[in-house]
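Can you keep this structure in mind? I'll have questions shortly.
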Amino acid sequence: MGTGFAADASEKEKEFLNVAHRGASGHAPEHTITSYKMGEKMHGDYIEVDLQMTKDGQLIAMHDETLDRTTNGTGQVKDHTLEEIKKLDAGSWFNEKYPEKANPAYKGLKVPALEEVFQQFGKNANYYIETKSPEVYPGMEEALIELVNKYGIDKDTLLVQSFSPASLTKMNQIDPTVKLVQLMWYTSPAAISDAELMSIKEYAIGIGPNSSMIDQEYVQKTVQNGLEIHPYTVNEKEEMKKLIQWGVTGMFTNFPDRLHKVQKGR
Ligand code: G3P
Ligand code: CA
């Protein structure tokens, strides 16, 4: 048996979330099964999945509303069927953009449907899923819950995040057992009020602000109000260390291997 302090510290370490942002997207093309697998191997606790919805109502893992940046296709996701999107190459752009990290195996990687992600990683994996642009995709929350239920995804290890309070409150109405995180985007140094925290606490278990605009007071106020705080997107060791010192309860990173080393004091 350890001391009370040790038990608390180890409990704290267990709870701290290393979120592989778009998978290990600093090493491999974002939102591919390869990137997600790498995230797991590199000690990411959660696979982060951004959702878009196709013309035929299928949820896919993609950050942008358009196909242009991360595939060899063009145009809006909502104007293409899943079958059309599955024909695209979602890996070659990475080799071209990051020649020092290029790998011939990335060429021809496919855009995964959320369904495939669930099939690949199973019901007990930790998923941190974002409803992106929910105003563009009516019904995406229902579609998400339908797949979560179809694949028996463990709701203890599922987190759903969004910048849209409307999307999260809708999720909460559809299934109050799903844990939610409110994302925040600040363009200048930010403070958060008690009233704001109380209002978020009505439906969410935590918040996810952009890391560069928050300070220690912001972090501590959030934690003291009983909310988790997972800043994004933290890729440099010094920033990881600073945020951990401030008391964040996890963070999103493109380099889960780097964050793991920091967690281990290396
Ligand atoms: O979901 C946390 C973070 O990923 C939000 O920003 O644009 O990378 O989805 P974005
Ligand atoms: Ca995201």
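Atoms within a ligand are numbered from 1 in the order they appear, just like the ligands themselves. Throughout, residue positions are numbered sequentially from 1 according to the sequence presented. Given the structure is predicted, the values throughout are model-derived calculations rather than measurements.
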- Item | Residues Thr66 and Asp64: side-chain donor-acceptor under 3.5 angstrom |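 There is no such pair (donor and acceptor under 3.5 Å, judged by atom type) between the side chains of Thr66 and Asp64.
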
- Message: For Gln161, run the side chain to side chain donor-acceptor pair (under 3.5 Å) check against Lys179, Glu48, Gln182 and tell me which one passes.
- Response: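 Among Lys179, Glu48, Gln182, the one that satisfies the side chain to side chain donor-acceptor pair (under 3.5 Å) with Gln161 is Glu48.
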
- Answer with yes or no whether Arg22 contacts ligand 1, where contact means a heavy atom under 4.0 Å from a ligand atom.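 Checking ligand 1 against Arg22, which is what was asked, there is a heavy-atom contact under 4.0 Å.
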
- Message: If you take the centroid of each ring, where Trp contributes its six-membered ring, are Tyr127 and Phe121 closer together than 6.0 Å?
- Response: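 Aromatic pair excluded; centres sit 6.0 Å or further apart.
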
- Query: Which pairs count as salt bridge (charged side-chain N to carboxylate O under 4.0 Å, His left out) when at least one residue sits in residues 70-90, sequence neighbours excluded?
  - Reply: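 Every salt bridge (charged side-chain N to carboxylate O under 4.0 Å, His left out) pair that includes a residue of residues 70-90, provided the two are not neighbours, is Lys86-Glu116.
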
- Item | Tyr186/Tyr218 under ring-ring contact (aromatic ring centres under 6.0 Å, His included): CA gap, chis, key distance, verdict | CA-CA 12 Å; Tyr186 298 111; Tyr218 185 112; 5.8 Å; yes

- Option from Ile47, Thr233, Asn235 for which side chain to side chain contact (heavy atoms under 4.5 Å, CB included) with His21 holds: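 Single side chain to side chain contact (heavy atoms under 4.5 Å, CB included) partner of His21 among Ile47, Thr233, Asn235: Thr233.
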
- Query: In ligand 1, which numbered atoms sit nearer than 4.0 Å to a non-hydrogen atom of His63?
  - Reply: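 Per the distance check, 7 (O), 8 (O), 9 (O), 10 (P).
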
- Query: When you check the space around the Ca ion (ligand 2), which protein N, O or S atoms turn up under 3.0 Å?
  - Reply: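 Near the Ca ion (ligand 2), the protein supplies Glu48 OE2, Asp50 OD1, Glu130 OE1.
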
- Mutual orientation of the aromatic rings belonging to His260 and His43 [parallel < 30°, tilted 30-60°, perpendicular > 60°]: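 His260 and His43: parallel rings.
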
- Task: Provide, to 0.1 Å, the distance between atom 9 (O) of ligand 1 and the closest protein heavy atom, together with that atom's residue and name.
- Result: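 Going atom by atom, the protein heavy atom closest to atom 9 (O) of ligand 1 ends up being Lys132 NZ, 2.7 Å.
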
- Message: I need the minimum non-hydrogen distance between Thr169 and Tyr203, along with the two atoms involved.
- Response: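 Smallest heavy-atom distance, with atoms named: CG2-CD2, 3.8 Å.
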
- Of the protein's non-hydrogen atoms, which lies at the shortest distance from atom 4 (O) of ligand 1, and what is that distance?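 Residue, atom and distance for the closest contact: His21 NE2, 2.7 Å.
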
- Query: Which residue owns the protein heavy atom closest to atom 2 (C) of ligand 1, what's the atom, and how far is it?
  - Reply: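 Ranked first by proximity to atom 2 (C) of ligand 1 is Gln161 OE1, 3.5 Å.
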
- Could you check which of Tyr232, Trp185, Tyr128, Phe252 puts a non-hydrogen atom nearest to atom 6 (O) of ligand 1?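 Looking at heavy atoms only, the winner is Tyr232.
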
- Look at Glu30 together with Arg69 and state whether they make a salt bridge at an N to O cut-off of under 4.0 Å.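 Salt bridge between Glu30 and Arg69, a charged N being under 4.0 Å from a carboxylate O: yes.
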
